[in-house]
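The block underneath contains the structure these notes are about, expressed in structure tokens.
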There are 2 protein chains.
Amino acid sequence: MKDVAAHAGVSAATVSRALSGGRAMNPEVQRRVQESARELGYQVNLLGRALRQQRLNIVGLMVPDLENPFFAALAEQLARTLRGNGFELLVSSAAGSVEIEAHGVQSFLGQQIHALVIIPCDELASADTLRLARERVPVVQYDRRVAAVDVPFVGCDNRAGMELLANHVRTADPAGDQVVFVGADATSSSGRERLEGFRREFPNAPALAGSFDVEWGYRAVGEIVAMGIESGTIVAAADVIALGVLTGLIGAGFRVPQDFRVVGFDGIGISQFVMPTLTTIRQPVERMSDAILELIREGVGGSESAAITLQPEFVSGASSPS
Amino acid sequence: MKDVAAHAGVSAATVSRALSGGRAMNPEVQRRVQESARELGYQVNLLGRALRQQRLNIVGLMVPDLENPFFAALAEQLARTLRGNGFELLVSSAAGSVEIEAHGVQSFLGQQIHALVIIPCDELASADTLRLARERVPVVQYDRRVAAVDVPFVGCDNRAGMELLANHVRTADPAGDQVVFVGADATSSSGRERLEGFRREFPNAPALAGSFDVEWGYRAVGEIVAMGIESGTIVAAADVIALGVLTGLIGAGFRVPQDFRVVGFDGIGISQFVMPTLTTIRQPVERMSDAILELIREGVGGSESAAITLQPEFVSGASSPS
DNA sequence: GTGAAAGCGCTAACAA
DNA sequence: TTGTTAGCGCTTTCAC
């Protein structure tokens with residue numbers, strides 16, 4: 001920076017003003033400084049700036065698992081939204097572990113990020129991490145909620161989504177054949193709420209519990225067959241699970257949708273193009289990202305934490321390629 | 001930090017020593033300082049530390065697209081490897097754009113990251129970004145290579161992988177029925193090398209070009225049908241593409257593997273559990289991550305850039321769930 | 001409109 | 001072994 005100042009024949013303060021562009025100044029001088037900077041290949045040290053300003057214009061996103069394509073899609077969309085508004089998004093994965101999550105959040109905090117967006121790993125065990133983070137920086141919970149901690153939340157209405165799915169299932173199959181729920185772990189709010197939503201609609205249908213990944217859906221088919229069920233509708237708690245279910249069904253020789261109908265939840269990323277007739281519930285990812293941006297801008301001030309629950313929409317199954 | 005020093009009755013330098021744990025010191029004092037720190041909820045400001053030390057123990061990973069599950073898998077594995085060795089991995093996505101990639105890399109550099117790992121967007125247009133980064137920090141190219149720039153590379157031998165696939169295809173189908181390649185864009189080295197590998201094995205087979213995503217595989221089925229092909233083996237340049245192909249085939253009423261066999265490439269993440277009979281080539285992700293760690297540790301010093309090309313392995317198609 | 005100077009939080013060299 | 005001091009690169013008063 002000193003070099004640029006010398007090269008342009010001004011002081012370091014002027015270089016700073018010329019490049020950060022905040023205050024009014026002689027445009028001719030500004031141009032000269034910018035040219036010198038380019039010529040010398042100078043690039044501001046964000047650490048120096050952040051140390052002085054006490055904040056970096058970076059938002060951290062902590063996800064439970066990057067290999068879940070729904071989280072990847074959330075990350076991509078959030079990055080897009082923030083990028084258009086002067087922020088950079090950096091993503092870190094907890095790899096399913098509460099300890100790694102805690103450690104990663106600590107690292108984010110140490111870097112003086114502007115805000116933290118977190119999809120908590122565990123409805124209970126992530127609470128301490130959230131409490132800690134909230135003392136230092138604006139925090140938003142995304143998609144999954146730790147209710148015990150007073151931190152704003154943005155997500156979709158999982159129970160309403162299940163209601164939409166249930167209506168579809170009943171319409172498509174008024175005879176009321178077998179319905180099975182292939183759920184995820186109940187240690188996340190989304191998993192629990194979707195199970196509750198399903199139970200309210202189909203109190204007597206069997207519900208299996210697993211995790212949010214393809215493998216579980218694949219294995220669940222074995223369990224369903226073992227129950228003696230050979231046709232019906234399978235409601236998966238997420239599209240990744242539905243994908244595994246479809247794979248398992250076809251591998252086991254069933255026909256879709258003749259033998260089994262499969263519906264999912266999330267409606268995003270890869271699943272949009274997976275298999276025929278995957279009907280799903282689409283989460284309003286753009287609006288959720290916008291809501292997060294808004295919270296971050298406000299600094300997530302009050303002790304009165306917002307809980308922004310947006311409405312998902314029904315998406316009918318894809319047809320085959322022409 | 002001053003507060004902790006006062007609380008423990010020592011100087012700031014001692015607090016620093018006690019918490020970063022580098023130098024020898026009175027263990028009793030160290031314990032006291034650590035206790036004070038915990039009591040006051042003190043956490044080091046990594047910015048201050050990095051500013052002083054001129055480096056952060058963070059490695060940046062720039063990927064073309066987080067929604068590609070193969071890249072997500074690479075990111076997860078790299079994070080795991082680095083985490084075990086004192087580094088933190090932060091991920092940023094270029095969202096398919098060279099401009100966003102350049103901007104993200106600039107941001108990483110401004111943060112004084114310890115090293116940059118990059119899966120370049122474009123075999124040509126990413127060159128400037130690589131050159132710029134290499135001036136400031138150790139850089140490793142991963143999976144895709146910009147040959148024009150002298151920056152070390154870690155990846156797998158795509159041509160050898162295609163050879164393995166070809167052997168399988170010929171064995172499974174000695175009659176030699178129709179083989180079609182559903183490729184990706186040739187603006188990435190992996191896309192180009194896999195196409196070349198295919199061409200060398202099947203000089204006369206048709207090869208379609210598209211992109212590394214599910215949607216393209218799905219659409220490719222339409223093109224194949226339009227060519228009048230109604231059975232054979234489809235070689236996809238990546239598992240994500242194979243996934244789309246399978247979806248398209250089944251949606252169009254074909255049977256797999258009776259009418260069409262499908263093989264993929266990458267062998268990682270979601271694709272491991274997708275559909276029956278998806279045979280693929282598995283990239284040695286763990287060994288690739290280890291190689292990257294090694295390069296980062298060495299500081300990627302010499303002007304003689306390494307090109308570490310590891311051997312992939314053949315993975316036969318999955319069977320159905322029991 | 002611009003420069004001089006102070007200081008963000010930390011650590012490394014040196015002195016005690 | 002510990003304290004003192006200087007300074008990493010930047011921005012922001014406060015004078016001019």
Side-chain angles (χ1 to χ4, degrees), chain A residues 1-37 40-58 86 88 106-114 135-137, chain B residues 1-37 40-58 86 88 106-114 135-137:
Chain A
M1 181 158 172
K2 269 187 213 154
D3 296 344
V4 175
H7 188 274
V10 296
S11 73
T14 300
V15 173
S16 170
R17 280 186 281 254
L19 298 179
S20 355
R23 322 292 289 161
M25 65 179 301
N26 186 331
E28 211 280 314
V29 175
Q30 174 157 21
R31 202 192 45 71
R32 211 169 67 225
V33 172
Q34 284 167 341
E35 185 147 339
S36 298
L40 302 182
Y42 167 78
Q43 206 204 325
V44 302
N45 181 325
L46 295 180
L47 261 42
R49 171 181 293 175
L51 187 58
R52 174 65 223 234
Q53 297 189 327
Q54 305 283 54
R55 64 169 33 181
L56 211 46
N57 70 336
I58 284 178
E88 199 81 25
Q106 292 268 8
S107 172
F108 269 142
L109 296 178
Q111 281 173 82
Q112 317 297 103
I113 54 166
H114 185 280
E135 301 301 321
R136 313 262 263 100
V137 80
Chain B
M1 181 159 171
K2 270 187 214 152
D3 296 344
V4 175
H7 188 274
V10 295
S11 74
T14 300
V15 173
S16 170
R17 281 186 281 255
L19 299 180
S20 0
R23 323 290 291 158
M25 65 180 300
N26 185 331
E28 209 281 311
V29 175
Q30 175 158 20
R31 202 194 45 70
R32 211 171 65 224
V33 171
Q34 284 168 342
E35 185 147 340
S36 298
L40 301 183
Y42 168 78
Q43 205 205 327
V44 303
N45 182 326
L46 296 180
L47 260 43
R49 172 181 290 176
L51 187 60
R52 175 64 226 232
Q53 299 190 326
Q54 304 284 52
R55 63 162 41 179
L56 211 46
N57 71 337
I58 285 178
E88 197 81 26
Q106 291 269 8
S107 172
F108 268 141
L109 296 178
Q111 279 173 84
Q112 316 299 101
I113 53 165
H114 184 282
E135 301 301 321
R136 312 262 261 103
V137 80

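The sequence lines fix the lettering, A, B, ..., with proteins before strands; numbering per chain opens at 1.
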Test your reading of the model: is there a side-chain donor-acceptor pair from [X] to the backbone of [Y], 3.5 Å cut-off?
X	Y	value
B/Gln30	B/Ala18	yes
A/Arg55	A/His114	no
A/Asn57	A/Gly86	yes

Worksheet item: Where do B/Val4 and B/Met1 land on the side-chain contact (heavy atoms from CB on, under 4.5 Å) test, with the steps shown first?
Response: CA-CA 5 Å; B/Val4 175; B/Met1 181 159 171; 5.7 Å; no

Practice prompt. Just call it for B/Met1: base, sugar-phosphate, or nothing, with non-hydrogen atoms closer than 4.0 Å on any strand.
Written response: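 Here B/Met1 touches the bases of the nucleic acid.
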
Item to complete: Give one of base, sugar-phosphate or nothing for B/Val29, where a contact means two heavy atoms less than 4.0 Å apart.
Response: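 Sugar-phosphate, no base atom in range.
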
Distance check needed: [N] [atom2] versus [X] [atom1], whole Å only.
X	N	atom1	atom2	answer
B/Asn45	C/dT11	CG	C1'	13 Å
B/Glu28	D/dT1	CD	C1'	13 Å
A/Leu19	D/dG9	CG	C1'	13 Å
B/Arg55	C/dC10	CZ	C1'	16 Å
B/Arg31	D/dT2	CZ	P	13 Å
A/Leu47	C/dC8	CG	C1'	12 Å
B/Leu46	C/dC10	CG	P	9 Å
B/Gln43	C/dC10	CD	C1'	14 Å

What nucleotide among [options] has an atom nearest to a side-chain atom of [X]?
X	options	value
A/Arg49	D/dT11, D/dG3, C/dT11	D/dT11
A/Arg52	C/dG7, C/dT2, D/dG7	C/dG7
A/Thr14	C/dG3, D/dC10, C/dT11	C/dG3
A/Leu51	C/dT2, C/dC8, C/dA12	C/dC8
A/Tyr42	C/dA4, D/dG3, D/dC10	D/dC10
A/Val10	C/dT2, C/dG3, C/dT11	C/dG3
B/Arg17	D/dG9, C/dT11, D/dG3	D/dG3
B/Ala13	C/dA12, C/dC8, D/dC10	C/dA12

Item to complete: Identify the heavy atoms of A/Arg32 and A/Gly9 that sit nearest to each other, and give their distance.
Response: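 Taking A/Arg32 first and A/Gly9 second, the nearest heavy atoms are NH2-O, 4.2 Å.
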
Is any side-chain nitrogen or oxygen of [X] closer than 4.0 Å to OP1 or OP2 of [N]?
X	N	value
A/Ser16	D/dG9	no
B/Gln54	D/dG9	yes
A/Gln53	D/dT12	yes

Practice prompt. Assign each of B/Gly48 and B/Gly9 to its nearest nucleotide of DNA chain D by heavy atoms, then name whichever residue's nucleotide is nearer the 5' end.
Written response: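 That would be B/Gly9.
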
Worksheet item: When you check the gap from the basic side-chain N to the acidic O, do B/Glu28 and B/Arg31 get nearer than 4.0 Å?
Response: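 Salt bridge: yes.
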
